[in-house]
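Here the structure is laid out as structure tokens; the discussion comes afterwards.
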2 protein chains.
Amino acid sequence: MTIPQYVKIVEVGPRDGLQNEKAMVPADVKVALVNQLTDAGFVNIESASFVSPKWVPQMADGAEVMARITRRPGTLYSVLTPNMKGFEAAVAAGADEVVIFGAASEAFSQKNINCSIAESIARFEPVAAAAKEAGVRLRGSISCSLGCPYQGEVPVSAVVDVVRRMRELGCDEIDIADTIGVGTPTRVQEVMRAVSAEFAIDRLSGHFHDTYGQALSNILASLEVGIAIFHASVAGLGGCPYAKGATGNVATEDVLYMLHGMGLHTGIDLEAVVRTGDFISQAIGRPNSSRVGKALLTKWATAAEAGAATCV
Amino acid sequence: MTIPQYVKIVEVGPRDGLQNEKAMVPADVKVALVNQLTDAGFVNIESASFVSPKWVPQMADGAEVMARITRRPGTLYSVLTPNMKGFEAAVAAGADEVVIFGAASEAFSQKNINCSIAESIARFEPVAAAAKEAGVRLRGSISCSLGCPYQGEVPVSAVVDVVRRMRELGCDEIDIADTIGVGTPTRVQEVMRAVSAEFAIDRLSGHFHDTYGQALSNILASLEVGIAIFHASVAGLGGCPYAKGATGNVATEDVLYMLHGMGLHTGIDLEAVVRTGDFISQAIGRPNSSRVGKALLTKWATAAEAGAATCV
């Protein structure tokens with residue numbers, strides 16, 4: 001297997017990253033964040049969530065954000081939609097892609113939405129049909145694909161089963177998500193190989209959380225079996241609700257540093273992403289979780305000081 | 001290439017990890033740290049440095065530490081020795097292995113020790129000869145093998161050249177060190193393949209700093225080309241003097257989590273290392289830099305709270 005030479009990064013910071021922030025992030029900041037990411041060269045930005053504001057108050061201003069961002073032709077702006085109401089709002093807001101979701105873990109599905117995996121996927125049938133009808137791209141996201149906070153191990157066959165169901169719904173792209181960041185490379189390759197027997201490998205993505213620091217090795221392992229789409233969150237935005245104080249999504253800067261270092265192409269300007277990571281971390285008052293972000297910002301600051309010193 | 005099934009971890013926290021701490025760490029704490037690591041199952045612990053206290057005041061009590069630790073048969077206690085004075089002190093202290101060092105970067109060598117790489121290695125001839133004479137194991141560590149803070153790129157041929165010189169001195173094991181953590185997987189494999197043409201692959205090690213978050217992917221990449229020895233530092237102890245505020249050595253806990261998750265054997269008890277990481281972080285008053293350490297300690301604390309709650 002040759003490693004894919006072009007890798008698509010789906011930036012999920014504005015949605016998955018911000019959704020768990022307790023203090024409300026102003027729409028102005030969200031719009032600036034999406035615009036900076038657009039300028040940095042991302043071709044896909046998960047920008048908002050049209051879920052009930054009762055569930056996720058942080059995402060209540062999704063329509064405003066979608067209306068105010070400056071779109072670049074060629075960039076897809078994706079929106080999470082739990083039901084027909086969300087789907088209709090997403091389409092009205094001009095979403096290029098809607099995201100539906102399910103878990104690979106029965107325990108997780110029962111505990112969180114009080115129904116089986118099969119039932120939870122079936123509930124998305126109207127949304128999927130409407131998306132096809134409207135010509136909107138449909139993405140399916142499978143949480144707990146590498147492990148579950150309630151049941152622990154998740155069988156590979158369970159992930160494959162959800163992939164099949166999402167394929168039958170007409171998903172254009174499917175995310176294999178390690179929601180709690182417990183996966184390691186060998187298992188990741190096993191899962192990716194199994195699901196790519198059921199769904200086109202160039203439309204499967206890896207969504208890795210860095211809770212146990214494994215995200216980059218899992219991305220490397222996935223690349224080695226041909227996966228070419230990865231999710232990442234600028235500045236590592238996003239915590240893990242199942243592990244207080246733990247890190248969440250893998251930081252986009254760290255992923256880009258690895259991929260570019262390996263000579264792979266993403267079309268994204270790493271330095272611009274580092275500056276965006278600095279902007280959003282300061283705007284929401286939380287530490288920057290990207291190691292590359294921290295290292296480069298420190299290096300630039302030191303170089304600027306040294307430059308200033310030689311001017312004296 | 002099959003991935004090695006047994007991986008040796010050299011724990012460098014007590015030496016490489018602590019040496020840059022500004023506040024003096026009491027010998028009691030250092031002894032407790034080494035003892036806990038011994039109990040956790042490490043077969044090699046870099047325990048002290050016999051360098052001039054003027055250079056590295058934190059390591060001035062090396063003889064006391066070596067005298068007070070409880071040794072386990074089968075575990076090697078290594079000591080850094082810059083010269084004959086250090087070597088003699090190390091042997092007197094009962095070091096099982098002495099570590100000599102050089103850079104793969106001319107700029108680094110000139111800037112730090114004011115001599116060429118070749119001269120710096122030649123200066124270790126008496127130490128190497130004395131180690132052979134005394135039957136003490138000799139390890140050579142090559143800094144800046146993946147990049148240099150002064151000259152940037154470091155040619156693979158320069159790393160190979162230092163490996164050859166260290167082989168000629170009689171080194172039993174050689175460390176390929178990414179001192180500033182800038183390496184990425186493809187380059188790491190290129191370097192490891194090149195040096196393994198000059199030195200037995202089962203006595204080459206990878207020493208990766210996590211400054212840019214790349215350490216685990218670089219370890220995975222190294223495993224894939226047959227490297228089976230890695231350095232790591234409990235709780236990620238150790239900063240990087242060239243990048244203020246940046247992380248240093250890869251955290252042992254994170255490495256063990258990946259290796260054990262891949263079904264590889266190390267003989268080390270991960271949970272014991274997590275507890276040791278908590279101990280040393282609290283003892284020296286700095287945040288735990290291990291993602292696995294933070295995640296597991298949080299998980300255990302949450303489970304304990306939940307347990308307590310159900311007792312009410």
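Residue numbers start from 1 in every chain, and the chains themselves are labelled A, B, ... in the order their sequence lines are given, proteins ahead of strands. Please read all numbers here as calculations on a predicted model, not as lab measurements.
Of the two parts of A/Asp210, the backbone and the side chain both hold a non-hydrogen atom closer than 4.5 Å to a non-hydrogen atom of chain B. In this structure, no portion of A/Val188 lies under 4.5 Å from any heavy atom of chain B.
For A/Glu253 (side chain) and B/Tyr212 (main-chain N/O), no donor-acceptor pair under 3.5 Å exists by modelled atom type. Judged purely by atom type and a 3.5 angstrom limit, A/Gln214 uses its side chain to pair as donor or acceptor with the backbone of B/Asp254.
What you find for B/Ser217 and A/Leu220 is that their closest heavy atoms are O-CD2, 3.4 Å. Contact record, B/Ser289 with A/Arg291: O-NH2, 3.5 Å, taken as the closest heavy-atom pair.
How far OG1 of B/Thr184 is from CE of A/Met258: 8.5 Å, rounded to the nearest 0.5 Å.
Ranking A/Leu259, A/Val250, A/Leu216 against chain B, the residue ahead of the rest is A/Leu216, based on heavy-atom pairs under 4.5 Å. Per-residue counts of heavy-atom pairs under 4.5 Å with chain A were compared for B/Leu296, B/Val182, B/Asn218, B/Ile219; the largest is that of B/Val182.
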